[in-house]
Q: 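A single structure is presented below for examination.
Proteins come first, then strands; the chains are lettered A, B, ... in the order of their sequence lines, and each starts at number 1.
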Protein chains: 2
Amino acid sequence: MERKPTLDDIAHLAGVGKGTASRVINGGTHVRKETREKVMKVINDLGYRPSSAARRLSRRVPLRSVGVLESVLTAPAFVDRLRGIQDVIESKEKFELTLYSCTSPERLKQKLDHIADMHTVEALIVVDLDVSEDQRARLASAGVTLVSISNAAGSGPQVGIDDERGGYVATRYLLELGHKRIAYLGDVFPDPFGFKTSRNRYRGYVQALEDAGLSIGQEYVQLGKHGKAEAQAMCATLLSLPDRPTAIFAMTDIQALGCLEAAREAKVNVPQDLSIIGFDDIEASSHVGLTTVTQHLSESGRVATQYVLGVLEGRRTGDPPSLPDVEVVVRRTTCPPREEGQ
Amino acid sequence: MERKPTLDDIAHLAGVGKGTASRVINGGTHVRKETREKVMKVINDLGYRPSSAARRLSRRVPLRSVGVLESVLTAPAFVDRLRGIQDVIESKEKFELTLYSCTSPERLKQKLDHIADMHTVEALIVVDLDVSEDQRARLASAGVTLVSISNAAGSGPQVGIDDERGGYVATRYLLELGHKRIAYLGDVFPDPFGFKTSRNRYRGYVQALEDAGLSIGQEYVQLGKHGKAEAQAMCATLLSLPDRPTAIFAMTDIQALGCLEAAREAKVNVPQDLSIIGFDDIEASSHVGLTTVTQHLSESGRVATQYVLGVLEGRRTGDPPSLPDVEVVVRRTTCPPREEGQ
DNA sequence: TTGAAAGCGCTACCAG
DNA sequence: CTGGTAGCGCTTTCAA
């Protein structure tokens, strides 16, 4: 066997016309039982599968799809964004949703090339991934409308929040509660994908501290690989400090969850003896009662999707609307520090 | 404007040949700048978008996609399954992943028809949704290979676990811990999608109790609408019982999370004064330390996907392999009951 | 009931 | 650099 069999092959081998073969495939009405079976046999023998492209073209049912490309590294936050994307896609009937994922930065370029070549999607929503100028041009010439959901500075249409401001807001909240010894726990920067999330949230943290006239000891800054377990370990370090922090600002909710775990193990009461604030407001946070900074995850998916759809449908040109401001969601992992702590 | 413009339209209006117009669209190499701009203008004026079907057909790049249809109602568990599906799709290069979702049982038929008509996917993984015989036939004749991920009894290839056994295992675990007053909290059955999950898990619960020679008072059985808040309310009812249960078996982790919340509000210590076991083992459960019964969510996605891919590629015929047995994942919401409790 | 033939919209090759 | 032309694989009249 040399190439994929086509309807012609089937028809010839079964000794019938193309038209008949086609009828057999589509419901088999108006075909003599005998004939049908003959054709069916050939189909099965060859493992024939009709070409959806040809089918579509002939039937005049166009495929309209928007793609979503995610980095598996930011998984938990992605889920919430996807929900927003899905919401608006589903409401449009005409569009399908194609999901791509990218496991490592090296494979990003490859993946984008693939997407451009496949011509499956008319638009692509890139989540938390950095697309180079070259790649943008490549996609554009393939007719793919692009929008990114990301907080990193980038060119092209983008929806996201200001991480530095987010870091500032989180830290200031802790400050207002009366905390003075506030630690920062985040990814080591720059991270493998070249993202500056951690650095930016850290900057906001530093700024807030400075504005409050406080200086931070470097032992209060824990930077490491992203992950719950890693965060747990870093938090344990923080808790073993002679003059340990009364509050921790974790760069993401996942890391904050790790901190919670560490506190539990160290028998440190949260929030009485240790306040913890996260960032993102992923779904799990509401379950554990984590105080965090919301960056309007599902809203970001919704906005980005509405934007690309708008572009595809010809209305709309400028930039996507911006997201609501970042905001502290107070739950039960934060409170004022104990008096004794001076 | 009567119908979608085609390349021919563009070419005519721009006063150039089809070939040239095509070149402009695909990178625009070997085209005089002037010509290109002329063509571009027409394209923009008409809001022209190339037909991906035609493009594909001509370029001979076939679209191979497997679809996933989910019911938004079972969302949290779905996320984990999706991860498994995604894993194996990504490893295959050749296939894309198309996501469909279905918001209400009434729309299921409609959605399936849509999927059959679109001819986008060669295979469909239906998650926690019940597909009728008619629909199966319809999909089959559209050439769509089907597999369901579900615990409900159904025809056709299916991957899932035995809910009744799951309920039995969960309850027996509580029994072995020494509990005697064990409540069941689940969805009212039958539920809107016609699922029997709650009923089956409940049966396992009853059976385990019987096997232990215990009878259950009906006040220990709380059935209601699915959801965390609803479960929280039902749990509150349970906690206000004169002779309240020492343990609760919640039909899903989401409901167990609601119970946790209720216990916290009622100042009941978990697990010392109340053991809680859930079902599913969604990601959030690991974060809160919920004891639960795992049904191998991501594994189910993986198995189902490998199965359909196997069928599509011609190897493999029978049924999908079965999942590992259900299993209690012990975390920190369960322990033996207090002595005083008789 | 069946075969032949005419497209579907686009790309790619080939002269010019 | 550009216009014509031949398909890509399938569905769908239209006669037979």
Side-chain angles (χ1 to χ4, degrees), chain A residues 2-40 42-43 46-64 116-120 122 141-144, chain B residues 2-40 42-43 46-64 116-120 122 141-144:
Chain A
E2 19 192 39
R3 52 167 186 62
K4 273 188 59 175
T6 74
L7 228 211
D8 267 318
D9 301 336
I10 303 295
H12 285 147
L13 288 173
V16 302
K18 232 178 19 166
T20 306
S22 176
R23 261 164 250 139
V24 170
I25 291 168
N26 303 285
T29 42
H30 298 277
V31 180
R32 213 176 46 209
K33 193 172 177 185
E34 230 170 65
T35 315
R36 188 198 4 266
E37 281 165 2
K38 202 168 48 181
V39 176
M40 278 305 212
V42 179
I43 290 183
L46 268 62
Y48 166 76
R49 303 223 136 240
S51 144
S52 64
R55 217 145 147 156
R56 274 225 155 74
L57 183 56
S58 174
R59 286 207 184 151
R60 237 151 304 182
V61 24
L63 165 58
R64 311 206 62 178
D117 289 339
M118 290 307 271
H119 293 292
T120 304
E122 294 180 24
S141 84
V144 178
Chain B
E2 17 191 40
R3 51 166 186 62
K4 272 189 59 175
T6 74
L7 228 211
D8 267 318
D9 301 336
I10 303 296
H12 285 148
L13 288 173
V16 303
K18 228 172 33 158
T20 306
S22 176
R23 259 165 253 138
V24 170
I25 291 168
N26 302 285
T29 41
H30 298 277
V31 180
R32 214 175 47 209
K33 194 172 177 185
E34 229 169 66
T35 315
R36 191 202 357 267
E37 281 165 2
K38 201 168 48 180
V39 176
M40 278 305 213
V42 179
I43 290 184
L46 267 64
Y48 167 76
R49 302 227 135 237
S51 144
S52 65
R55 217 145 148 159
R56 274 225 154 75
L57 184 56
S58 172
R59 285 207 183 151
R60 234 152 306 181
V61 25
L63 165 58
R64 311 206 62 178
D117 289 339
M118 290 307 271
H119 294 291
T120 304
E122 295 182 24
S141 83
V144 178

Q: I want to verify a distance call: between C:dG9, D:dG9, C:dT11, whose nearest atom is closest to the B:Ala54 side chain?
A: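 Side chain of B:Ala54 sits closest to C:dG9.
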Q: With a 4.5 Å heavy-atom cut-off, do B:Val16 and B:Arg23 have their side chains touching?
A: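 They are not in side-chain contact.
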Q: Rounded to the nearest 0.5 Å, what's the gap from OH on A:Tyr48 to CG on A:Asp9? Could you check?
A: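 Here the rounded value is 9.0 Å.
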Q: Step by step, would you call B:Lys38 with B:Thr20 a side chain to side chain contact (heavy atoms under 4.5 Å, CB included)?
A: CA-CA 11 Å; B:Lys38 201 168 48 180; B:Thr20 306; over 6 Å; no
Q: On DNA chain C, nearest-nucleotide positions of B:Ala53 versus B:Thr20: which is more 5'?
A: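 Nearest nucleotide further toward 5': that of B:Ala53.
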Q: Can you check the A:Asp8 CG to C:dG3 P distance for me, whole Å?
A: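 These atoms are roughly 13 Å apart.
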Q: For B:Thr6, answer base if it contacts any base atom (sugar-phosphate contacts may also be present), sugar-phosphate if it contacts only those atoms, and nothing otherwise; contact means non-hydrogen atoms under 4.0 Å.
A: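 Sugar-phosphate contact only.
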Q: Tell me: NZ of B:Lys18 to P of C:dC8, nearest whole Å?
A: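 Distance check: B:Lys18 NZ to C:dC8 P gives 10 Å.
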Q: Once you round it to whole Å, what is the distance between P of C:dA6 and CZ of A:Arg60?
A: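 Checked: the CZ to P distance equals 16 Å.
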Q: Just the rounded figure in Å: distance from P of C:dC10 to NZ of B:Lys4.
A: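 So the two atoms are 8 Å apart, to the nearest Å.
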Q: Quick check: on DNA chain D, is the nucleotide nearest B:His119 upstream (toward 5') of the one nearest B:Ala21, or the reverse? Name the residue that is more 5'.
A: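 First, find each residue's nearest nucleotide; the 5'-ward one identifies B:Ala21.
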Q: Between A:Val24 and A:Ile10, does a side chain to side chain contact (heavy atoms under 4.5 Å, CB included) hold up when you go through it step by step?
A: CA-CA 11 Å; A:Val24 170; A:Ile10 303 295; over 6 Å; no
Q: Rounded to the nearest angstrom, tell me the gap between atom CG in B:Leu7 and atom P in D:dG7.
A: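 So the CG-P distance, B:Leu7 to D:dG7, works out to 19 Å.
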Q: Closest approach to the side chain of A:Val31, judged atom by atom: which nucleotide of D:dG4, C:dT11, C:dT2 is it?
A: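 Output: C:dT2.
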Q: Give a yes or no on whether the backbone of A:Met118 and the side-chain of B:Arg55 come within a donor-acceptor separation of less than 3.5 Å.
A: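 Absent.
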Q: Nearest whole angstrom, please: distance from the P of D:dT11 to the NE2 of A:His30.
A: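 The distance from NE2 of A:His30 to P of D:dT11 comes to 16 Å, rounded to the nearest Å.
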Q: May I ask you to say what A:Arg56 touches in the nucleic acid, namely base, sugar-phosphate or nothing, with a heavy-atom cut-off under 4.0 Å?
A: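 Nothing: the residue A:Arg56, judged by heavy atoms under 4.0 Å, touches no strand.
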Q: How do B:Gly17 and B:Arg59 order along DNA chain D: which one's closest nucleotide is nearer the 5' end?
A: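 Its nearest nucleotide being more 5', the pick is B:Gly17.
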Q: At less than 4.0 Å, is any side-chain N or O atom of B:Ser22 found next to OP1 or OP2 of C:dT11? Yes or no.
A: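 Affirmative; the distance criterion is met.
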Q: Rounded to whole angstrom units, what separation is found between the NZ atom of A:Lys38 and the C1' atom of C:dT2?
A: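 About 11 Å, once rounded to whole Å.
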Q: Taking OP1 and OP2 of D:dC10, is either one under 4.0 Å from a side-chain nitrogen or oxygen of A:Ser51?
A: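 No, no such contact exists.
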Q: Do A:Arg23 side-chain and C:dG3 base share a donor-acceptor contact under 3.5 Å?
A: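 When only heavy-atom distances are counted, A:Arg23 does reach the base of C:dG3 through a donor-acceptor pair under 3.5 Å.
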Q: Just compare C:dT2, C:dT11, D:dT2 and give me whichever is closest to any side-chain atom of B:Arg32.
A: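 Nearest listed nucleotide: D:dT2.
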Q: Would you say A:Thr35 reaches C:dT2's phosphate, i.e. side-chain N/O to OP1/OP2 under 4.0 Å?
A: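 It does, given that an N or O in the side chain of A:Thr35 lies less than 4.0 Å from OP1 or OP2 of C:dT2.
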Q: Please report the distance, rounded to the nearest Å, between CZ in A:Arg55 and P in C:dC8.
A: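 Rounded to whole Å, this separation is 20 Å.
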Q: So B:Leu63 and A:His119, side chain to side chain contact (heavy atoms under 4.5 Å, CB included) or not? Walk me through it.
A: CA-CA 9 Å; B:Leu63 165 58; A:His119 293 292; over 6 Å; no
Q: Nearest to the side chain of A:Asn26 - C:dG9, D:dT11, C:dC13?
A: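 When the side chain of A:Asn26 is considered, D:dT11 is the closest of C:dG9, D:dT11, C:dC13.
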